[in-house]
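One structure is given below, encoded as structure tokens.
In what follows, every chain begins at residue 1, and chains take the letters A, B, ... in the order their sequences are listed.
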Amino acid sequence: MVSVPDRTRNDHGCMSAVTAPAFARARDGAPEAGLRALPAIEADAISQKFGPKLVLDSVSLAVAPGAIQALLGPNGAGKTTLLRILSGLLVPTSGTVRILGRAEDNSREFRSLIGLVPSGDRTFYLRITGVENLAFFARLQGATKREAKRRAGEVLDEVGLADAAKTRVGFYSHGMQKRLSVARALLMNPPILLVDEATHDLDPEGAERVRDLVVAAARRGAAVVWATQRLDEIRGLADGVTLIAQGRQVFAGSVPELMTHAVPRRYLLRLRGSMETGALDGLATLERTGQGAEHFLLVLQDDAVLGAALAALGAAGVDVLTCTEERSGIEQAFLSLAGAR
Amino acid sequence: MSTVALPTGRARGVAGELRKLPAFVRRDFLVAWSYRMSFVSDLVSMTGQIIVFYFIGKMINPDVLPTYGGTNVTYLEFAAVGIAVGVFIQFGLDRVSAAMRGEQLMGTLESVLVTPTAPSTVQLGSVAFDLVYIPIRTAVFLTAVTIVFGLNLSAAGLIPALIVLIAFMPFVWGLGVATAALLLTFKRGGGLVGLGFVAVGLLSGVYFPLDLLPGWLAAIAEANPIAHAIEAMRDSLLGQASLSSVLPTVALLIPCSVASLALGLGVFRLAVRRERRRGTLGLY
């Protein structure tokens with residue numbers, strides 16, 4: 001017997017547990033689809049072996065100018081390896097990379113096209129200031145001393161670090177270093193932007209700031225590859241999604257196409273009333289979530305549908321007060337495609 | 001999108017790369033300046049070393065030392081020039097080889113190599129500050145020793161000594177770059193640098209005349225360009241040797257320097273290429 005409090009039923013409709021976040025918005029300045037015909041980034045059948053271990057298995061990717069391509073995948077999927085190949089830091093075992101139609105040759109001209117936001121924390125000289133760090137990297141990009149200083153100041157302002165320009169990077173918080181990393185990638189407004197887990201462990205405000213900077217770069221025409229594990233952030237941000245799992249590409253398409261792979265089976269319910277054990281036999285299992293007397297997790301069996309389970313609850317005399325999907329659609333699609341329910 | 005137009009053509013490309021070197025010097029000066037105490041400790045250790053050799057020199061009969069310009073020299077004079085050059089070599093080897101390793105350990109190597117900068121520029125840039133600092137340090141050392149202990153160093157020998165030093169610098173740099181390549185590949189290679197220091201101490205005549213070595217070891221030392229450089233420096237600074245008299249040594253050192261530098265940069269380029277293939281460029 002499952003016992004639930006007795007109150008009036010007020011809602012049987014289900015909604016997504018994760019609503020579209022604040023950053024999910026149309027990018028007004030994004031180029032029209034027709035202008036995106038020629039990819040700025042083309043990776044064709046990239047495979048990478050480290051010793052006997054195959055870490056990327058024939059992964060392909062194409063990103064148009066002004067587009068943001070999300071690169072999704074669980075830990076160890078091969079996202080960082082792919083970004084390192086795209087940036088020229090790593091030579092793939094097989095496959096080809098073309099940037100703006102130019103084959104990857106690790107030449108200085110090739111590298112001048114790319115801005116990289118690496119995933120690591122320690123990518124700056126911690127003993128010198130933010131502005132000195134950026135001016136140094138600008139010089140390496142080919143800027144003159146005066147231009148380097150000017151651009152360093154400008155991008156620091158853009159990322160909201162103008163006040164910390166003359167502070168040693170060693171005193172920067174994690175979020176500030178991430179913003180500085182984005183600033184460095186944007187120093188010369190490169191046509192290609194590769195972003196690796198830039199919002200990983202940032203607070204929501206910091207993460208949104210970083211996303212806004214990258215969106216602005218895309219609006220200016222940069223082709224962006226955005227590697228992330230934060231599934232919720234790709235809605236409204238990414239034009240396309242490539243999902244890799246264990247080195248294999250398991251999905252490539254748009255966010256709506258990704259959502260079609262979402263088959264929700266787990267729901268959080270608020271219930272009131274009582275029913276006999278067995279009322280949901282053959283349809284679903286119901287267990288308490290531990291968050292209060294009214295809160296339950298409903299897990300549908302493979303061939304059952306939500307409506308039938310809710311009807312069975314109603315027939316058993318239980319009021320369904322609320323019903324939400326436990327995971328977002330993107331998360332469900334991710335887990336489904338990555339091979340983990 | 002606005003990107004910086006890179007110079008085309010080999011000469012302009014080289015010029016563009018050379019223009020980046022001051023940025024490395026500034027970066028490393030700022031980093032070094034943030035550790036001001038290390039300048040002080042370096043000065044103290046240098047002074048301590050000289051004081052030790054001053055007292056050792058009191059026990060040594062100058063008659064067992066070689067003569068320079070027909071005159072006997074004290075052990076302190078003999079050792080001071082040797083130490084100045086020896087420390088110059090040690091600093092060179094140590095810092096050149098450690099520069100890229102330092103970038104690897106700091107996590108900045110990939111951030112630098114992803115920029116449109118040639119790996120050889122990164123290597124040169126990483127030691128550019130030391131190439132300025134170490135000769136200044138050597139000159140300060142010799143000047144201080146001369147003033148404090150009243151050494152009889154020849155001002156006329158400064159120009160020939162400087163020319164020997166300039167001819168010799170790329171030799172040390174090449175060895176350092178080759179060591180850096182080994183460190184980049186095998187990650188640990190401090191032992192190799194240590195071995196280099198032992199070779200400098202034993203086979204180059206920094207602390208004692210080479211004719212004290214057994215015959216077979218003296219023959220090996222004879223083939224050591226470092227030993228020739230040190231002797232030429234002593235000839236210049238202690239024996240007032242003229243420019244023309246050190247030219248044979250300079251002529252010997254230049255091909256050694258060219259070969260060392262070419263070998264070092266070649267090996268370094270191969271090491272970077274190998275690490276890019278293996279995906280271990282940023283690993284340490």
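- Put simply, of B/Ser34, B/Pro22, B/Ala118, B/Gly125, the one with the most heavy-atom pairs under 4.5 Å next to chain A is B/Ser34.
- Between chain A and the residues B/Thr117, B/Val31, B/Val112, the most heavy-atom pairs under 4.5 angstrom are made by B/Thr117.
- For chain B, the nearby parts of A/Leu140 are the backbone and the side chain; heavy atoms of each come within less than 4.5 Å.
- Taking the six-membered ring where tryptophan is involved, the planes of A/Phe124 and A/Phe137 are perpendicular, since the angle between them exceeds 60° and thus also 30°.
- You'll find the side chain of B/Val127 stays beyond 4.5 Å of the side chain of B/Phe24, heavy atoms only.
- Taking A/Gln69 as the reference, A/Thr242 meet the side chain to side chain donor-acceptor pair (under 3.5 Å) condition, with sequence neighbours excluded.
- A salt bridge does not link A/Lys166 to A/Glu132: none of the charged nitrogens lies less than 4.0 Å from a carboxylate oxygen.
- Residue contact with chain A, scored on non-hydrogen atoms closer than 4.5 Å, is absent for B/Arg273.
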